[in-house]
Amino acid sequence: MVEMVDKNLLIACKKRDKHALTELCKVYERYLFNLCMAYTGNSHDALDLVQEIYIKIFRFIDKYDVKKPFHPWIRKVAVNTCLNFKRASPTNVISLNTVTSDNLILEDALASNEDLEEKLEKIELKESMKELLEKLPSRQRMIIVLRYFEDLSYKDISLTMDQPLGTIKTDLYRARETLRKYLTKK
């Protein structure tokens, strides 16, 4: 979880203090990257989304009310940015520059020949999960990310996405059913 952000830092950000904005980005960079990574499934798109979120924070920080918690506000900006994201790249291509779970580049992992089969299975599993999530409509995919990657309650998801609680529950149910159908077909 992200550390508490100092109210004075937020006030300085609202005054367009560049140092304060940089500090705020440092506090949230890992959180935002992990959220975007869970949504997009690849680091390149996740980094692009984080940059877009930073731009939106800079543009709209003056609309943030410092009397309210900051984390839900920035999460909402991130979720909306992810939901508006349109993927233009092919989905069936695995780059040799893909970073594996143990921070090795796939090309190096292939060359090392050490536990190669296990590493390839992990990459295949990750790719399969990414493909499954991509089959969901973007709203359902985001609900899955917020529920299972962010561990948010239904109420928090409802507030974050500006949707009625019943709609969130229905979309989550439909997303689970869709994923279940895809998994039983394989």
Side-chain angles (χ1 to χ4, degrees), residues 1-6 9-10 13 20-61 64 68-89 91 93-95 97-106 108-109 119 121-163 168 171-172 175-176 179:
M1 192 61 164
V2 178
E3 62 188 69
M4 288 293 293
V5 178
D6 182 21
L9 178 66
L10 295 171
C13 287
L21 288 166
T22 301
E23 286 303 309
L24 184 66
C25 289
K26 285 180 185 175
V27 170
Y28 273 92
E29 69 185 342
R30 174 165 275 145
Y31 169 76
L32 292 173
F33 177 77
N34 288 338
L35 177 71
C36 294
M37 182 69 178
Y39 183 74
T40 64
N42 78 61
S43 60
H44 178 72
D45 289 338
L47 288 170
D48 286 348
L49 280 171
V50 169
Q51 292 302 316
E52 192 172 329
I53 292 165
Y54 286 160
I55 291 167
K56 288 181 180 180
I57 291 168
F58 296 154
R59 286 181 60 202
F60 300 112
I61 191 73
Y64 167 68
K68 295 183 178 179
F70 184 72
H71 188 75
W73 185 83
I74 197 169
R75 182 190 315 128
K76 191 172 207 165
V77 170
V79 165
N80 288 335
T81 303
C82 287
L83 289 173
N84 292 329
F85 177 69
K86 301 288 185 222
R87 176 158 302 186
S89 61
T91 57
V93 177
I94 299 176
S95 168
N97 294 323
T98 300
V99 177
T100 64
S101 59
D102 46 358
N103 292 323
L104 289 175
I105 296 176
L106 180 58
D108 296 339
K119 287 178 182 176
E121 285 175 7
K122 284 181 183 178
I123 291 169
E124 267 183 41
L125 178 63
K126 245 183 183 175
E127 287 298 313
S128 295
M129 289 305 296
K130 178 183 161 194
E131 286 176 27
L132 282 176
L133 286 175
E134 285 176 356
K135 291 181 181 184
L136 293 174
S138 63
R139 250 185 45 184
Q140 288 180 6
R141 182 175 4 158
M142 182 51 73
I143 291 170
I144 291 284
V145 167
L146 292 174
R147 181 73 179 130
Y148 297 106
F149 292 80
E150 289 287 307
D151 200 29
L152 292 183
S153 68
Y154 296 127
K155 182 180 177 186
D156 288 340
I157 296 170
S158 171
L159 292 171
T160 299
M161 295 184 69
D162 280 332
Q163 295 290 317
I168 296 301
D171 282 348
L172 184 59
R176 285 183 193 144
L179 291 173

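Predicted model, so just to flag it, every value in this text is computed and none were measured.
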Worksheet entry | Any donor-acceptor N/O pair, Y154 side chain to I168 backbone, under 3.5 Å | no
Worksheet item: With no hydrogens and no angle check, is any side-chain donor or acceptor of S158 less than 3.5 Å from a backbone partner on Q163?
Response: yes
Practice prompt. Just jot down the side-chain contact (heavy atoms from CB on, under 4.5 Å) partners of A38, sequence neighbours excluded, or say none.
Written response: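 side-chain contact (heavy atoms from CB on, under 4.5 Å) list for A38, sorted by chain: V145, F149.
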Worksheet item: Hey, what's the ring geometry for Y31 with Y28, parallel, tilted or perpendicular (30° and 60° as the breaks)?
Response: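 Y31 vs Y28 ring planes: perpendicular.
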For [X] versus [Y], what's the shortest heavy-atom pair and its separation?
| X | Y | result |
| --- | --- | --- |
| E134 | T40 | OE2-O, 4.1 Å |
| C82 | Y39 | O-CE2, 3.1 Å |
| M37 | N42 | SD-C, 3.3 Å |
| D171 | Q140 | O-CG, 3.7 Å |
| R141 | L136 | NH2-O, 3.8 Å |

Item to complete: Just jot down the ring pair (Phe, Tyr, Trp, His ring centres under 6.0 Å) partners of Y148, sequence neighbours excluded, or say none.
Response: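 Per chain and number, Y148 pairs via ring pair (Phe, Tyr, Trp, His ring centres under 6.0 Å) with no residue.
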Discussion item. One thing to verify: whether E23 and K26 come together as a salt bridge, which I'm taking to mean a side-chain N less than 4.0 angstrom from a carboxylate O.
Written reply: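 Looking at K26 and E23, the cut-off is met.
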By side chain to side chain donor-acceptor pair (under 3.5 Å) - contacts of [X] (at least two apart):
| X | value |
| --- | --- |
| D151 | none |
| N34 | none |
| T22 | none |

Fill in: From D156, T160, N80, residue fulfilling side-chain hydrogen bond (donor to acceptor under 3.5 Å, both in side chains) relative to R75
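Only one option passes, and that is T160.
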Worksheet item: Is any side-chain heavy atom of L146 less than 4.5 Å from a side-chain heavy atom of I143?
Response: no
Item to complete: Taking the side chain as every heavy atom from C-beta outward, state whether I74 and L24 have any pair of such atoms under 4.5 Å apart.
Response: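 No, side chains not in contact.
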Give the table of side-chain donor-acceptor pairs shorter than 3.5 Å for residues 47-58, with sequence neighbours excluded, one pair per line with atom names and distance.
| residue | atom | partner | partner atom | Å |
| --- | --- | --- | --- | --- |
| Y54 | OH | C25 | O | 3.1 |
| K56 | NZ | T81 | OG1 | 3.3 |

